[in-house]
Amino acid sequence: MKKLYELPQLPYSYDALEPYISREQLRIHYEVHHKGYVDGANKLLQMMDEARAEGRAFDVKATLKLLSFNIGGHVLHTMYWHNMAPTGKGGGVPGGRIGDKIVEDFGSFERFRNEFTEAALTVEGSGWAALTYCRLANRLIIAQVEKHNVNLYPAFPILLVVDVFEHAYYIDYKNDRRKYLENWWNLVNWDEVERRFSRLVTT
Ligand code: MN
């Protein structure tokens with residue numbers, strides 16, 4: 001059988017992000033929502049495999065739209081888990097190459113944090129804010145992603161993402177996206193962001 005997507009292990013325990021993200025919030029987000037995108041993507045892949053094998057048609061337009069949504073969800077959630085660190089091990093102001101680059105491109109870390117937070121706060125409907133890097137312009141560029149797949153820049157690697165679907169915070173924060181984001185900054189795993197950035201810049 002052809003390879004399918006797999007729900008990856010979380011890099012920490014369910015209570016590792018408390019008090020900023022509760023055990024129950026993290027468990028449901030991972031076990032129900034992230035798993036739902038993995039299962040959703042796999043179902044579509046299998047449906048297409050079967051249709052191709054049997055020479056049957058399928059609704060290409062509807063399928064590809066759903067596939068993009070589900071694969072986007074799977075990939076973004078995987079990045080999101082890894083760009084958070086257990087409470088006490090994340091947050092603060094980044095050093096390293098990424099710290100320097102943020103200051104170079106945004107003027108200050110504070111300015112970057114405010115712009116990224118505003119991008120996340122003002123996503124229309126459900127979505128993400130993502131810090132990306134453009135090799136062509138040698139710039140960090142923020143993406144305001146709607147759903148899991150709209151407004152992404154083609155082929156720009158993602159360095160940092162925050163999930164602002166309500167399912168990411170409603171158990172802990174109800175509809176208070178701003179409060180969730182304020183607390184989320186305490187969890188950012190800057191070592192991981194630095195690793196992602198360092199792989200892209202060779203000098
Ligand atoms: Mn999510």
Side-chain angles (χ1 to χ4, degrees), residues 4-45 63-87 89-91 113 115-132 141-153 156-190 192-193 196:
L4 294 171
Y5 294 107
E6 284 172 31
L7 184 65
Q9 290 282 318
L10 276 183
Y12 33 68
S13 61
Y14 284 143
D15 59 4
L17 307 180
E18 291 191 332
Y20 306 118
I21 294 175
S22 69
R23 155 188 280 273
E24 192 62 357
Q25 178 70 73
L26 179 57
R27 189 182 68 75
I28 290 176
H29 194 179
Y30 170 74
E31 286 184 4
V32 177
H33 297 282
H34 185 172
K35 183 172 185 299
Y37 302 125
V38 172
D39 292 346
N42 286 337
K43 213 188 256 181
L44 292 163
L45 292 180
T63 301
L64 297 185
K65 192 178 168 91
L66 269 175
L67 189 63
S68 170
F69 177 77
N70 281 285
I71 292 176
H74 171 43
V75 171
L76 288 171
H77 280 93
T78 302
M79 301 190 90
Y80 173 69
W81 308 134
H82 283 91
N83 68 219
M84 294 188 290
T87 299
K89 296 185 175 164
R113 205 176 110 136
E115 282 187 29
F116 191 88
T117 299
E118 191 175 337
L121 267 177
T122 60
V123 174
E124 272 182 28
S126 295
W128 302 73
L131 180 65
T132 74
I141 295 182
I142 295 170
Q144 187 181 54
V145 183
E146 293 169 13
K147 297 187 273 187
H148 298 309
N149 50 347
V150 178
N151 292 348
L152 277 168
Y153 307 108
F156 289 13
I158 291 173
L159 306 174
L160 172 69
V161 287
V162 63
D163 189 342
V164 290
F165 274 62
E166 273 194 3
H167 73 218
Y169 59 86
Y170 68 103
I171 293 172
D172 293 340
Y173 299 96
K174 297 204 167 64
N175 61 339
D176 194 346
R177 190 186 282 187
R178 184 183 294 276
K179 186 77 189 162
Y180 156 66
L181 288 167
E182 270 170 28
N183 282 325
W184 176 80
W185 284 106
N186 293 309
L187 296 171
V188 174
N189 182 348
W190 287 112
E192 174 62 16
V193 180
R196 291 176 188 171

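Atoms considered below: every heavy atom in the structure, side chains included; atoms not considered: hydrogens, waters and symmetry mates. This chain uses plain numbering: 1 for the first residue, then up along the sequence. In each ligand, atom 1 is the first atom listed, and ligand 1 is the first ligand listed.
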Give a yes or no on whether the ring-centroid distance for [X] and [Y] is below 6.0 angstrom.
X	Y	value
Tyr20	Tyr180	no
Tyr169	Trp184	no
His29	His34	no

With carbon and hydrogen excluded and only N/O/S kept, which atom of Asp163 is nearest the Mn ion (ligand 1)?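 Nearest N/O/S atom of Asp163: OD2.
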
Please name the atom of His77, restricted to N, O or S, that is closest to the Mn ion (ligand 1).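 This residue's closest N, O or S atom turns out to be NE2.
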
Check whether any N, O or S atom of His33 sits under 2.8 Å from the Mn ion (ligand 1).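 Here the distance criterion (N, O or S atom, under 2.8 Å) is not met by His33, so no.
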
Take the angle between the ring planes of Trp128 and His77 and call it parallel below 30°, perpendicular above 60°, tilted in between. perpendicular

